[in-house]
Amino acid sequence: MSPSRRSPAATGNLLYAQSGGVTAVINATAAGVIEAARGKGVKVYAARNGILGALREELIDTSKESAAAIAALRHTPGGAFGSCRYKLKSLQDNRAEYERLIEVFRAHDIRWFLYNGGNDSADTALKLSQIGKALGYDIRCIGVPKTVDNDLAVTDCCPGFGSVAKYTAISTLEASLDVASMADTSTKVFILEVMGRHAGWIAAAAGLAGEGADAPPHLILFPENAFDEAAFLAKVKATVERVGWCTVVASEGVRNAAGQFLAEAGTRDAFGHSQLGGVAPVLAALVKAKLGYKYHWALPDYLQRSARHAASQVDAEQAYAVGKAAVDYALAGMNAVMPVIVRTADAPYRWKIEPAPLAKIANREKKMPKNFISRDGFGITAAARRYLAPLIRGEAPLPYGKDGLPRYVRLKNTAVTKKLMAFGR
Ligand code: F6P
């Protein structure tokens with residue numbers, strides 16, 4: 001399907017919603033949306049907690065926020081309007097939800113819907129773009145890319161990823177300096193667990209911390225490869241014997257040959273508790289049991305995707321740019337598209353934004369290509385480095401107060417008066 005265009009509605013409001021796991025820069029996208037729409041005289045409503053806010057008619061009037069507050073979104077992590085994990089069923093299975101959304105849109109004269117999320121959200125935006133026509137309501141839907149997992153199809157990279165990649169590379173570098181200092185008499189193995197349930201992009205980014213056999217990370221474990229215990233232990237041992245210490249970066253999505261998440265395979269963590277999540281303690285226990293090395297492990301969890309203090313400038317700029325482009329596309333009458341990032345050069349890195357059909361993005365998952373993972377399965381290749389390196393470049397300015405803390409903004413989030421009965425009553 002190619003991006004469809006319809007004649008733009010003369011007037012109306014724009015609804016913006018955040019969806020799925022939030023990032024250090026998703027609010028930069030919100031700023032891009034709101035500032036671009038304001039510049040064109042269009043009012044932006046935001047849905048409270050993603051699509052749920054639209055279903056519940058819980059809308060926020062962003063025109064009540066000052067220009068300074070909206071500008072401060074550019075450096076504030078988290079989701080300023082709240083997000084949700086909620087996948088709409090298919091049109092056939094739950095048409096009522098789609099009809100409700102159109103009812104809310106109609107009640108508040110919403111003519112443009114911008115959904116900021118990953119592949120599930122692209123699917124929702126696509127479905128809504130189709131049902132508007134069927135129900136005789138002129139609504140244009142634009143998907144806006146976001147996910148730390150970097151697994152959206154078509155776009156070269158996803159806003160949110162560059163910053164988590166930078167945090168991961170920096171943390172790998174810094175923790176490795178620590179373990180190197182301690183290795184003679186104390187810790188020999190450090191294990192960092194990073195996000196990315198099905199794709200190893202974040203784990204791969206740790207590889208930017210160093211290059212060469214002796215530089216950390218010495219092993220990266222990707223969800224794309226089945227975990228090979230014997231090969232893992234052999235490489236950890238060889239590294240400790242050669243270098244004196246070893247840094248391992250593991251994706252939370254590492255699975256065994258049977259396809260089970262390692263942490264769900266009936267294994268026990270370092271405390272003897274059975275693991276329901278957390279691959280790092282499982283690996284640490286294995287290292288201790290089989291090799292006898294002292295270890296430390298870390299699970300940065302939400303720290304990694306909210307670490308605005310270590311955000312990438314490229315990522316922050318791209319996040320803002322996709323928000324602005326989404327407004328341009330919507331107001332130009334486009335429907336069922338997503339602004340995607342197109343890489344036009346590696347060195348110097350250049351990129352541009354283009355519209356791509358949501359149908360090519362919805363429900364697809366982009367994994368690490370085979371030629372990005374080294375032959376032994378534990379590292380990244382030069383091609384991966386070429387791809388990843390530009391995405392973590394530059395630091396994104398962050399104002400700090402006298403108290404030493406970042407000046408993050410908290411919006412007023414003024415509710416729009418409801419006009420409808422509660423959904424489902
Ligand atoms: O949005 C992607 C992601 O950050 C994954 O990498 C991670 O597994 C997941 O979200 C965590 O989701 P939640 O915050 O809903 O627990």
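Each ligand, and each atom within it, is numbered from 1 in the order the structure gives.
Considering backbone and side-chain N/O atoms, T147 never comes within less than 3.5 Å of an N/O atom of ligand 1.
The contact set between ligand 1 and G21, taken as ligand atoms under 4.0 Å from a residue heavy atom, comprises 1 (O). Using a 4.0 Å cut-off to heavy atoms of V148, the atoms of ligand 1 that qualify are 4 (O). Each of the atoms 6 (O) of ligand 1 lies under 4.0 Å from some heavy atom of G196. Close approach of ligand 1 to Y302 is summarised as follows: ligand atoms under 4.0 Å from at least one heavy atom of the residue are 13 (P), 14 (O), 16 (O). Every atom of ligand 1 is numbered from 1 in the order shown, and the set under 4.0 Å from a heavy atom of R197 is 8 (O).
The shell of residues lying under 4.0 angstrom from ligand 1, judged by heavy atoms, excludes G20.
Taking the six-membered ring for Trp and thresholds of 30 and 60 degrees, F105 and Y137 have ring planes inclined between 30 and 60 degrees apart. Using a 30° and 60° split on the angle between ring planes, Y167 and H309 fall in the perpendicular class, above 60°.
Nearest residue to atom 8 (O) of ligand 1 from M195, K146, H198, E252 is E252 (criterion: closest heavy atom).
For atom 12 (O) of ligand 1, the nearest non-hydrogen atom of the protein is R85 NH2, 2.9 Å. In this structure, the protein non-hydrogen atom closest to atom 4 (O) of ligand 1 is R305 NH1, 2.8 Å. Looking only at protein heavy atoms, the nearest one to atom 2 (C) of ligand 1 is D149 OD2, 3.3 Å.
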Exercise for review: Go through the steps for K352 and E354 under the test salt bridge (charged side-chain N to carboxylate O under 4.0 Å, His left out), then give the verdict.
Suggested key: CA-CA 7 Å; K352 61 179 182 178; E354 271 180 6; 3.1 Å; yes

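Look at K43 and D61 and you find a salt bridge, because one of the NZ, NE, NH1 or NH2 atoms lies within 4.0 Å of a carboxylate O, short of that distance.
The aromatic ring centroids of Y45 and W112 lie 6.0 Å or more from each other. Taking the ring centroids of Y295 and F190, they lie at or beyond the 6.0 Å cut-off.
To the nearest 0.5 angstrom, L192 atom CG is 14.0 Å from H296 atom NE2.
Considering L283, V194, V249 as possible partners of L221, the one that fulfils the side-chain contact (heavy atoms from CB on, under 4.5 Å) test is L283.
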